[in-house]
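Worksheet for the structure shown next.
Order of the sequence lines fixes the chain letters, A, B, ..., with proteins taken first and strands second; residue numbering starts at 1 for each chain. Note that the structure is a prediction, hence the values are computed from the model and not measured.
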Amino acid sequence: MSTVDPNEEKGPDTSGTPSAPSNFIREIVREDLKTGKYEGRVHTRFPPEPNGYLHLGHAKSICLNFGLAKEFGGKTNLRFDDTNPSKEETEYVESIKDNVRWLGFDWEDRIFYASDYFGQLYEWALQLIKAGKAYVDDLTAHEIRHYRGTLTEPGKESPYRNRPVDENLELFERMRKGEFADGSRVLRAKIDMASPNLNMRDPVMYRIVHAEHHRTGNKWCIYPMYDFAHGQSDSIERITHSVCTLEFEDHRPLYNWFVEQLGIYHPQQIEFDRLNLTYTLLSKRKLLTLVEERHVRGWDDPRMPTIAGIRRRGYTPEAVRNFCSAIGLSKTNGTIELGMLEHFVREDLNKRAPRVMAVLRPLKVVIDNYPEGQSEMMDAVNNPEDASAGTRKVPFSRVLYIEQDDFREDPPKQYYRLSPGREVRLRYAYFVTCTNVVKNDRGEVIEVHCTYDPASRGGNSPDGRKVKSTIHWVSAAHALDTEVRLYENLFTTEDPNKTEDGQEFTAHLNPHSLEVVSKAKLEPSLQGAPIEARYQFERLGYFCVDRDSTAEKLVFNRTVALKDTWTKIEKKAEAKPGKTITSEKKPSEFSKAPRS
RNA sequence: UGGGCCGUCGACUAAUGGUAGGUCAAGUGCCUUUGGAGCACUUUGUCUAGGUUCGAAUCCUAGCGGCCCAGCCA
């Protein structure tokens, strides 16, 4: 494989993959390659802890790590950082593998576990004890915290800090054998209790945990801490660039200290900024709470920012990858607008999603001059962005459904859709003109009557007459009943992490984040659509088939709505009550209207 | 208040001492059998104050602001 991107210095990228701007990590790698720091190797790793489902923040890291290796002809390992048996499960391991694959990345045969290295790590601990660099401490967790000092005051040395090497060796061996209770002793590195970096104040290397590990079972009852496992795992795998998020910056001196004391291969840790998205929570802990407290239907609820969730929502791996490359990489603490993510699904789905007609909130339309019992097949284009997608037939008949939003008895200014006396086009069918309406007891329009122009078949009138709008429709007799799930942001505030005193983050949960439309109508061509298939429902948005679908009834998720200029016009009018978009009629007359 | 990191259009990100550019958003126009898509155009930015320099977003100093750290979590 070539290590050089042929498009790199030739101006605009024509490969189809959007070229991401460079970033500081790429520059570091480039420089290391130039100086031969790692003999020309680039080897990264993606190291999740299998204690939950992956989310968009992980997607950023996955794209970074695999992307870097791919760009420079290197390799990426998948490594599970499974050093805390009390939180980790095989279910999570499986979902993580699945998610990485779905995103389109391949670790080939390089799947590793920190638990693979427990034996080696134990040997290294022994080595540090023998060198007088580690000791067994009998202090309680509370006492250790107390001795550690504070941000502004130095810590105090533990009374056990200067135990003889032999005693440390014996005690550590007995810890390993399971002679002591959880929490009774730890192994600590002997560094500097006065260090301004709290991580260097004799950090804990091993703790006692009598718990079953998802892979090693009960073989071990002492487990290495992150700091004692991560750098060494990178070292064993001969990782060159160990990238992680900003909060580990303060751990870098410790990362370096361990590999230096041990005298082993030294990878370099580089930190980048974590992903933040407006209206979204990207914290495994809080996402777990949402699942456990049943605020959502599971880890793959389409409202969740998990990889599983956005997949079920209908996002494509390409959209996620394009998003990750577009947001760039830096050390700034920023928050990306959710609209950016949505842009990239729309962009991708616009090119590939077949168009189809569906009516979410049906309003019955009767074409009075269309023969009863007659129906005909209209030709419809599957994807105007892609000629190779071809056409399909859609049945038309006398009784149709249109969207309730597409009819207004009192049309406001700039409203171009159907209203009494007005002619519009039914997409791929005929021009129709509204002649009258039928209302129920509450004065609501329940049926619209129209006449059609037989000469406008296909959607154009031979006399060159123009209409202001084209609306979608479904033939009532042929329609498929379907359930459609509409989603809004899970949270109502831009930063759901910010809460007032005593408030849980769940206080900002959006009560309307899920709306189930149970009586939507679909054109019949969708019969038998497979799970995960994605479509554009014309004029409405992108939708995908949910796995809750059955042979009798399809269930769709709305991935994202189409950009909606009309809603924007309406909102602007609301904001400026001066020049309103209310009725074309006089205000007094409008106020007497039966509806609202 | 100790230490670490970071401040560029509304948001994200480039410019590596030499033309402040791109994407998203917003807006205007064109086009349109999706009020979609597309096309064209437009608006807004270097945290502040000093200094070094022919020249500073970039280097230095001092302020100001933000994020992270006191788990036997990762």
Side-chain angles (χ1 to χ4, degrees), chain A residues 18 20-24 27 47-49 51 81-84 86-88 137 139-142 144-146 148-155 182-188 195-201 203-209 223 225-227 229-230 244-253 271 273-274 278 284-285 323 326-344 346-347 350-351 355 357 380-381 384-385 414-417 425-429 458-460 467-472 536-541 561-569:
Chain A
S22 194
N23 61 61
F24 74 101
E27 293 312 312
E49 182 188 11
N51 66 342
D81 222 334
D82 55 351
T83 57
N84 184 359
S86 60
K87 290 187 175 176
E88 298 152 4
D137 197 340
L139 254 29
T140 63
H142 180 261
I144 286 180
R145 191 181 320 132
H146 189 248
R148 187 153 32 226
T150 68
L151 294 176
T152 51
E153 299 160 300
D182 287 8
S184 59
R185 276 177 240 262
V186 291
L187 183 71
R188 291 231 252 170
S195 172
N197 180 348
L198 298 250
N199 293 120
M200 300 301 272
R201 318 241 266 228
V204 172
M205 294 163 59
Y206 269 93
R207 76 288 214 187
I208 302 169
V209 182
Y223 290 90
M225 296 289 288
Y226 165 85
D227 286 305
H230 203 91
C244 61
T245 43
L246 250 25
E247 68 271 25
F248 291 102
E249 258 169 340
D250 290 342
H251 293 247
R252 184 165 12 104
E271 309 85 11
D273 62 332
R274 189 180 261 286
T278 55
K284 272 191 197 170
R285 205 201 92 234
F323 168 73
I327 59 176
L329 196 70
S330 71
K331 300 182 77 150
T332 325
N333 276 301
T335 303
I336 285 145
E337 291 172 352
L338 193 56
M340 180 82 95
L341 212 216
E342 294 180 339
H343 162 80
F344 285 96
R346 287 198 189 98
E347 182 189 62
N350 176 50
K351 285 179 290 186
R355 317 281 125 130
M357 291 198 283
V381 173
E385 303 292 317
Q414 297 180 72
Y415 183 89
Y416 305 143
R417 284 112 96 147
R425 170 166 40 231
L426 293 178
R427 182 144 226 226
Y428 299 126
N460 278 308
V467 287
K468 272 267 197 178
S469 96
T470 301
I471 64 176
H472 60 277
Q536 183 194 104
F537 288 0
E538 294 228 24
R539 305 209 301 131
L540 297 176
L562 250 28
K563 281 201 202 156
D564 185 351
T565 314
W566 168 242
T567 300
K568 212 176 272 180
I569 293 169

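Nucleic acid contact class of A:Ile327 (heavy atoms, under 4.0 Å, all strands): sugar-phosphate only. Among the atoms of the strands shown, none is found under 4.0 Å from any heavy atom of A:Asp227. A:Thr278 comes within 4.0 angstrom of no nucleic acid atom, judged by non-hydrogen atoms across all strands. A:Leu151 comes within 4.0 angstrom of a base, heavy atoms only.
By the 4.0 Å N-to-carboxylate-O rule, A:Glu271 lies close enough to A:Arg252 to be salt-bridged with it.
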_Strand RNA chain B in bracket notation, Watson-Crick/G-U under 3.5 Å with | for pairs to another chain_ = .((((((..((((....[..)))).(((((.......)))))....(((((..]....))))))))))).....
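Listed candidates were B:rC73, B:rC5, B:rC72. Nearest to the side chain of A:Ile144 is B:rC72.
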Listed pairs, N/O of protein and of nucleotides 30-32 of chain B, under 3.5 Å:
none

N/O-N/O pairs, protein side and nucleotides 26-28 of chain B side, under 3.5 Å:
residue : atom : partner  : partner atom : Å
B:rA26  : OP1  : A:Lys568 : NZ           : 3.1

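Distance, A:Phe344 CZ to B:rA11 P: 18 Å, rounded to whole Å.
Listed for the A:Asn23 side chain is no donor-acceptor partner under 3.5 Å among the backbone atoms of A:Gly328.
In this model, the phosphate group of B:rU13 is approached by a side-chain N or O of A:Ser330 to a distance below 4.0 Å at OP1 or OP2.
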